[in-house]
Structure formats: C-alpha cells, structure tokens
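Here's the structure we're looking at; comments come further down.
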Amino acid sequence: MPESGVYVYAIVPAGRRLPAGLTGVGSPAAAVRSVPQGRVAAVISEAPPKLRARRRDLLAHQQLLLRLSEAGPVLPMRFGMVAFDEDTLRDQLAPRETDHLAVLRHLSGAVEFNVKALPAQDALASVVAEDKAVRRLRDAVRRQPGYEASLRLGQAVAAALEGRALEAGRRMLQELAPRARAVAQGPDVQGCVLNASFLVDRADSDAFRSAAEEMARVSRDRVELRLAGPLPCYSFVAVEGTPARTAGA
C-alpha cells in the first residue's frame with residue numbers, strides 16, 4: 001500500500017464552508033480541506049503514514065463527521081478511506097454526483113442512533129418466577145444435585161433469558177420504528193438479540209433517546225439496552241462511491 005494519498009472523511013454539498021479549526025486524523029492532527037467536484041465536494045486531509053485504527057484517530061474521524069453534520073447533510077465515509085490523489089478522487093466523484101446528492105437530501109437534518117439489546121443477566125429470580133419448566137428443573141437440582149441436572153438447568157435458564165430478551169427487543173423495535181425516518185438492521189453481534197440503527201430527525205433526537213431509555217427501564221428484567229448516538233449516518237448511506245483503498249486496521 002502506498003504511504004501517500006489523501007484521506008477521505010465525507011462528501012458534502014459543494015460550497016459548504018468547513019467549521020473553523022477542523023482537524024483530522026494523524027499526529028499531529030492533519031489540516032482538513034475540501035475538494036469540489038461539480039455540485040458535491042469531498043472533505044479530505046493528507047493521509048498519515050502507516051494509518052491504523054488507533055483510538056485517537058477513530059475518535060478524530062467521528063468527531064469531525066459530527067461537527068460537519070451540525071452544519072448540514074453529510075455522506076460519511078468509514079474510517080480508513082484513502083484516495084491516491086485529488087485527481088483520482090474527482091474522477092470517482094464525477095460519475096456519481098447525482099447519486100451522492102440524492103443521499104445527501106435523504107440524510108438532511110437527520111442523525112443515527114444504534115440500539116443493541118442483550119439478555120438481562122441479573123434476571124434469574126424473574127425467570128424462575130415466570131417459567132414453570134425452569135422452576136421444575138431448579139427444584140429437581142435441589143432434590144438431587146448432579147452434573148446432568150445442573151447442565152439442563154443452566155441450558156434452560158439461558159434459553160429463557162434469550163427468549164425473554166428477543167420478545168422485549170421485538171417490542172422495542174416496533175415502538176421505536178415509528179419515531180424514525182428509516183430503520184436498518186445491523187449485522188449479527190454475538191450475544192445481541194437486536195442490533196438496529198434508526199435514522200432520526202435531529203430535532204427529535206432527545207425524544208427518541210428518552211423513549212428508548214424508558215423502554216429499557218420498563219424491560220430491565222428482560223433486556224439490557226445499549227444506545228449509541230447521535231452518530232454519523234453510516235447505516236443509511238446507499239452510495240459509497242469513494243475511491244481507492246481502505247487503510248489496514
């Protein structure tokens with residue numbers, strides 16, 4: 001992989017003024033500029049040598065995108081997008097200008113929230129109280145302890161915890177979806193019964209967060225909710241026609 005190039009953070013409408021003092025990845029932090037191409041522009045900096053997914057640079061990338069989004073729609077790039085040079089970047093942007101503009105219109109005024117739901121781990125008492133099969137197995141272990149009986153009890157408890165969490169996660173999805181412009185199912189995550197992202201109007205972000213937190217409180221004996229946001233709208237970018245190569249992580 002070449003050591004030079006330009007690091008690409010985002011695509012924005014042409015003519016957008018960048019926030020004052022905006023800096024990017026690298027140490028020292030790289031100066032950020034825009035490269036116009038027709039009605040869109042790419043926000044870039046010089047690519048640091050031997051770019052890796054260090055915490056410092058991941059945070060710098062995300063903070064830059066959040067600052068950009070405060071001023072208008074942003075088509076965000078994932079961490080590590082590097083073009084060989086500005087001419088290559090323009091060549092990639094030009095034929096997809098209309099597509100990029102459509103995505104920017106779709107994302108205008110919106111932010112992303114990600115919701116992950118996991119089975120509640122401190123819910124054994126409520127599982128035993130509600131699930132007759134688990135209760136019978138527990139009583140059997142008490143009467144006649146043994147490896148096989150304990151194994152069956154453990155499996156039954158784990159299945160019950162996951163089933164209760166799945167039900168609660170589906171209910172959360174049904175109740176949160178009407179509060180969003182769009183919903184995107186995320187990839188499977190080990191231990192999660194729900195991984196979904198929501199495209200939410202920026203003006204409604206506080207209300208969305210409050211609704212999610214209230215559902216988490218009500219269902220805390222069934223599910224553990226992990227809410228992240230507002231985030232750049234990664235999950236709702238239908239077009240990522242940016243160039244080149246992705247830096248190794």
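Everything quoted here is computed from the prediction, not taken from an experiment. We're numbering straight along the sequence, starting at 1.
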Less than 4.5 Å apart, side chain to side chain, heavy atoms only: is that true for [X] and [Y]?
X	Y	result
Pro13	Val40	no
Arg54	Ser27	no
Met77	Ile11	yes
Lys116	Val189	yes
Val82	Val6	no
Ser34	Ile44	no
Arg179	Asp204	no
Leu58	Gln62	no

Is there a chain of hydrophobic side chains (I, L, V, M, F, W, Y, each step under 4.5 Å between heavy atoms) that links [X] to [Y]?
X	Y	result
Leu118	Phe198	no
Leu18	Val25	yes
Leu227	Met172	yes

Taking [X] for its side chain and [Y] for its backbone only, find out whether a donor-acceptor pair lies under 3.5 Å.
X	Y	value
Ser108	Arg105	no
Thr88	Phe84	no
Asn195	Pro187	yes
Arg171	Leu166	no
Ser205	Arg202	yes
Glu112	Tyr234	yes
Glu97	Arg39	yes

side-chain hydrogen bond (donor to acceptor under 3.5 Å, both in side chains) contacts touching residues 8-24 (sequence neighbours left out):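 side-chain hydrogen bond (donor to acceptor under 3.5 Å, both in side chains) check on residues 8-24 returns Tyr9-Ser45.
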
Ion pair Asp201/Arg181, N-O distance below 4.0 Å: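 A salt bridge is present here (some side-chain N lies under 4.0 Å from a carboxylate O).
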
Note: Arg170-Glu167 ion pair, threshold 4.0 Å (strictly below):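 No.
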
Heavy atoms of other groups near Arg226 CZ, more than 12 under 6.0 Å: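 Incorrect, the count does not exceed 12.
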
Which residues share a ring-ring contact (aromatic ring centres under 6.0 Å, His included) with Phe113, sequence neighbours left out: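 Per chain and number, Phe113 pairs via ring-ring contact (aromatic ring centres under 6.0 Å, His included) with Phe208.
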
Taking every non-hydrogen atom, the tightest pair across Pro36 and Ala41: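 It is CA-CB, 3.8 Å.
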
Residue pairs passing the salt bridge (Lys or Arg N to Asp or Glu O under 4.0 Å) test where at least one lies in residues 85-95, sequence neighbours excluded: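 Sorted result for residues 85-95: Arg33-Glu86, Glu86-Arg90, Asp87-Arg90.
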
